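This report concerns only the one structure given below.
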Number of protein chains: 2
Amino acid sequence: MEEQLSERSKRILEAVIEDYIATAEPVGSRTITRSHALALSPATVRNVMSDLEEMGLLTSPHTSAGRIPTDKAYRLYVNSILEVKNLARDNREEIRRRCRMAGKDLAEVLKETSRLLSSTSSYMGVVMAPHLGANVFHQMEFVKLSSRRVLAILVSQNGTVQNRLLETGEEIAQEDLVRMANYLNGMLQGLTIAQVRERLLSEMQSEKVRYDTMMARALTLSQQTIQADGAEIFLEGQANILEQPEFADTAKMREIFRTFEKKSMLLDLLDRSLSAGGVQIFIGSESNLLKMEGMSLVTSTYMTGKDTVGVLGVIGPTRMGYGRVIPIVDYTAKLISRLLEVE
Amino acid sequence: MEEQLSERSKRILEAVIEDYIATAEPVGSRTITRSHALALSPATVRNVMSDLEEMGLLTSPHTSAGRIPTDKAYRLYVNSILEVKNLARDNREEIRRRCRMAGKDLAEVLKETSRLLSSTSSYMGVVMAPHLGANVFHQMEFVKLSSRRVLAILVSQNGTVQNRLLETGEEIAQEDLVRMANYLNGMLQGLTIAQVRERLLSEMQSEKVRYDTMMARALTLSQQTIQADGAEIFLEGQANILEQPEFADTAKMREIFRTFEKKSMLLDLLDRSLSAGGVQIFIGSESNLLKMEGMSLVTSTYMTGKDTVGVLGVIGPTRMGYGRVIPIVDYTAKLISRLLEVE
DNA sequence: GTTAGCACTCGAACTTTTTGAGTGCTAATC
DNA sequence: GATTAGCACTCAAAAAGTTCGAGTGCTAAC
């Protein structure tokens, strides 16, 4: 596995990859000698390319075409050839400008961020909201809407609001609702949502509650409120990937769109980068999600509070401008973390 | 304009349209005589089709191809030929089953509805949330998150929740926030959001407020909360229209996706059907939104309360199964209205 | 080790041919 | 007079055939 690549081979591989990224066409030996100032003849390059093919870094779609980098080549490129530049001032400016999103609630900010990622990268932007579970409970509220409908509102310390319409079996007076909320707010102060969930369950078992209908009711209501935790995903800029020549084929397109419509697969992938932190790169087939064939994902984590971590990133074709995308993702993640910092 | 169409011509036009809807191919005289049991020879049908072409109801893409219905023909078809069947029991069942969305908040319900429309029609589903302005104010709440960040929550009678993070210039004590909320809740009881907006403005002018900093602050905060009114649109099932052969061309696809990414154009169109009520049909070019070329929109209105009206519908190619889609839209709208009824 | 030279390959692009669904018109038929 | 059979004509799409050129691998010379 430990391929010893000479400096020259690396330069040539780099050239192939960069040409391919730019043109999406198989690249041949002549093209390289012309565009990249290597003092080598096409024939020599050909020999080297032949070696690279042997190593599984290049393939040719057919005998008389140029060569295409494999996923393995991209990996190598990303890990040890690519030098990540700093973000151009223009880009930095633009990102920063568009990050002024005062007054919007978290969901809106994240959606806007996803859009931002998509438009600056010109691929798809994706942002996963932090798992609710890590949020810190702040307050709970019950609002009576009509005789048997109650709106429950759950506020976390980082400003996330979760609300849920509940049908109560029988009418509950507004004063009782307030009392319930107070009771719960006292009990749950400072816990994370995950802890809240446990606490509510254990509380419901306890003796003293069993004989106090109001408390029982309060617990039931709050339990219902807190149930759902489908981490939200904001995926924007799908139209961008229609632009990519490798997806010109309608059937492939459809496949991709269908895949992203059910967001579960994406969730898996994003969850995985959650634990690692920092910028991460998933290249095509590596993420044994066959569906991702031909696509790569560049992610970074961001924070909305001390312990609440989300993931954002860019999805594009494997043949993606990594050198450009990586700093975009990185910078955006940092900026958003700062923006959402709990002061 | 008042074309007098013989019964026979109508039958033939109907046949052309239905064949075209089924196959997306230009239909010729022979095809019709074969599939639709008209006791006529191809030659006769040809003559009639020629007349229909004269009237601007059919066109042929080129001399030696069959004919295609024009938008005008679709209009005629929808208005006076098509008989809208009742929804098949299966479909009704499915829609009803998927409408069990207890406990979800309004946004989720509407999104799910959009998805439902898309999957039962196999085109795109679209749901526009009612304009906030028509909602009836129910309650407002300020939650202090940190020293200078306040979360404002606005609850409407129909269960819509609007929330907004506000940065306050200086720290405000939680008790003051509660007092402010109480004051506002008293003042704004029973008004619609639109009225609330006016009221707040006029109140801010008034003498007595000018000297009461706390009231002034309360008004400012609530004003900020209520600002945004970008009617939300839920558009689902884009992948479905990739299936339609008329959009196989990538360039066209991209155009469409871009159009729907900015939702403003759609908003216009939906707003228009808002006032009319009942099932409405927009056919391609009629809605002088050039972008809609080749697409039709079937809408109906639904209600989330006495006065809050939203629009939902299906977007598909002009060549859409109107007979199937219309009852789907109609039935779904009714069901959702019932579901969201304020008891 | 590098390079020039050359025969060979094979998809893409362009032409040409074939095919067949469809038309419009005219004259015969009901 | 409306309907239909017959026939010449049209034209896009599919199939078959050409040409072109970028690219390769190999060998022999530098």
Side-chain angles (χ1 to χ4, degrees), chain A residues 4-13 15-20 22-70 245-246 248-250, chain B residues 4-13 15-20 22-70 245-246 248-250:
Chain A
Q4 231 21 311
L5 274 188
S6 71
E7 193 51 38
R8 194 176 69 177
S9 308
K10 273 193 192 173
R11 293 290 317 271
I12 289 176
L13 182 59
V16 173
I17 292 180
E18 279 168 10
D19 263 33
Y20 186 64
T23 64
E25 302 278 304
V27 349
S29 48
R30 293 207 51 192
T31 333
I32 285 185
T33 53
R34 244 174 305 168
S35 56
H36 297 255
L38 305 172
L40 293 172
S41 77
T44 316
V45 172
R46 235 161 16 235
N47 288 329
V48 176
M49 281 167 90
S50 183
D51 295 348
L52 292 172
E53 183 161 14
E54 196 104 329
M55 296 184 204
L57 293 169
L58 297 178
T59 39
S60 31
H62 59 260
T63 356
S64 73
R67 289 181 166 95
I68 291 182
T70 62
E246 46 262 76
D249 173 27
T250 333
Chain B
Q4 234 16 316
L5 276 187
S6 72
E7 193 51 38
R8 194 176 68 179
S9 308
K10 275 192 190 171
R11 294 290 316 273
I12 289 176
L13 182 60
V16 173
I17 293 180
E18 280 168 9
D19 263 33
Y20 187 64
T23 64
E25 302 278 306
V27 350
S29 48
R30 294 208 50 191
T31 332
I32 287 185
T33 53
R34 244 175 304 169
S35 56
H36 298 254
L38 305 172
L40 292 173
S41 78
T44 315
V45 172
R46 240 168 3 242
N47 289 328
V48 176
M49 281 167 89
S50 184
D51 297 347
L52 292 172
E53 183 161 14
E54 196 105 327
M55 295 184 205
L57 293 169
L58 297 178
T59 39
S60 31
H62 56 83
T63 355
S64 73
R67 287 180 167 97
I68 290 181
T70 63
E246 46 262 76
D249 173 27
T250 333

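Every chain is numbered from 1 and lettered A, B, ... according to where its sequence line falls, protein lines coming before strand lines. Please read all numbers here as calculations on a predicted model, not as lab measurements.
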- prompt: Start at the 5' end of DNA chain D and walk down; is the nucleotide closest to A:N47 or to A:G66 reached first?
  reply: A:G66
statement: Here the gap from B:L52 atom CG to B:M49 atom CE, rounded to the nearest 0.5 Å, amounts to 8.0 Å
message: If I take atom CD1 from residue A:I17 and atom OG1 from residue A:T70, how far apart are they, to the nearest 0.5 angstrom?
response: 8.0 Å
Measure from the side-chain heavy atoms of [X] and tell me the nearest of [options].
| X | options | result |
| --- | --- | --- |
| B:R30 | C:dG22, D:dT4, D:dA12 | C:dG22 |
| A:E53 | D:dT4, D:dG25, C:dG11 | D:dG25 |
| A:S41 | C:dA4, C:dG22, D:dT4 | C:dA4 |
| A:R8 | D:dG23, C:dT2, C:dT3 | C:dT2 |

Could you give the [atom1]-to-[atom2] distance, from [X] to [N], as a whole number of Å?
| X | N | atom1 | atom2 | value |
| --- | --- | --- | --- | --- |
| B:L52 | C:dT23 | CG | P | 12 Å |
| A:D19 | D:dA22 | CG | P | 15 Å |
| A:E25 | D:dG21 | CD | P | 17 Å |
| A:I32 | D:dG23 | CD1 | P | 10 Å |
| A:L58 | D:dT24 | CG | P | 10 Å |

query: Counting any heavy atom closer than 4.0 Å, what does B:S60 reach on the DNA or RNA strands: base, sugar-phosphate only, or nothing?
result: nothing
- request: Name the residue closer to the 5' end of DNA chain C, choosing between A:H62 and A:A43 according to the nucleotide with the nearest heavy atom.
  value: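 Going by which nucleotide is closer to the 5' end, it is A:A43.
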- prompt: Could you walk me through whether A:I12 and A:L40 pass the side-chain contact (heavy atoms from CB on, under 4.5 Å) check?
  reply: CA-CA 10 Å; A:I12 289 176; A:L40 293 172; 4.2 Å; yes
Phosphate contact (D:dG25 OP1 or OP2) by A:T63 side-chain N/O below 4.0 Å: no
query: Taking OP1 and OP2 of C:dG1, is either one under 4.0 Å from a side-chain nitrogen or oxygen of A:T44?
result: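 For A:T44, the contact criterion (side-chain N or O under 4.0 Å from OP1 or OP2 of C:dG1) is not met.
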Indicate, yes or no, whether a donor-acceptor pair under 3.5 Å links the base of [N] to the side chain of [X].
| X | N | result |
| --- | --- | --- |
| A:S64 | C:dT9 | yes |
| A:R67 | D:dG23 | no |
| A:R46 | D:dG23 | no |

- request: Please assess B:T44 against B:R8 for the test side-chain contact (heavy atoms from CB on, under 4.5 Å), listing each intermediate value before the final yes or no.
  value: CA-CA 11 Å; B:T44 315; B:R8 194 176 68 179; 3.9 Å; yes
- prompt: Are B:S9 and B:D51 close enough, and set up right, to give a side-chain contact (heavy atoms from CB on, under 4.5 Å), and what steps lead you there?
  reply: CA-CA 9 Å; B:S9 308; B:D51 297 347; over 6 Å; no
